[in-house]
Amino acid sequence: MLEVAVLDVVPGKEAEFEAAFRQASAIISSMDGYISHQLQRCVENNYRYILLVNWQSLEAHTVGFRTSAQY
């Protein structure tokens, strides 16, 4: 199951977002059902990112991750 999230960051706060995302990556990757993820920055809009997360199932994302204390 592929989760696709479009993340718009306040312009000028991209470096802060990327630093925070490095910490969040450890949490995401520790979840049951996690397979892989990648964060891509939009070329046309520097403040926009696309997050792609591969999960073993929809429930791994919607129940396992979204209902976790870390979320």
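Note that the numbering runs from 1 along the sequence shown for the chain. Keep in mind that this is a model prediction, so the values were computed, not measured.
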Quiz item: Checking E16 side chain against E14 main chain: does a donor-acceptor pair fall under 3.5 Å?
Solution: no
Quiz item: Between the side chains of Y49 and E18, is a donor N or O closer than 3.5 angstrom to an acceptor N or O?
Solution: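 Side chains of Y49 and E18: pair found under 3.5 Å.
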Quiz item: Does the side chain of I50 come within less than 4.5 Å of V6's, by heavy atoms?
Solution: yes
Quiz item: Does the side chain of F21 come within less than 4.5 Å of V9's, by heavy atoms?
Solution: no
Give a yes or no on whether [X] and [Y] share a hydrophobic cluster (residues Ile, Leu, Val, Met, Phe, Trp, Tyr; joining criterion: side-chain heavy atoms under 4.5 Å apart).
X: I28; Y: L52; result: no
X: I35; Y: L51; result: no
X: Y47; Y: L39; result: no

Quiz item: Does atom CG of D8 have more than 12 heavy-atom neighbours, drawn from other residues, nucleotides or ligands, at distances under 6.0 Å?
Solution: yes
To check you understand the geometry: which heavy-atom pair defines the closest contact between [X] and [Y], and what is its length?
X: G33; Y: A60; value: CA-CB, 3.8 Å
X: M1; Y: S57; value: CB-C, 3.9 Å
X: D32; Y: W55; value: O-CZ3, 4.1 Å

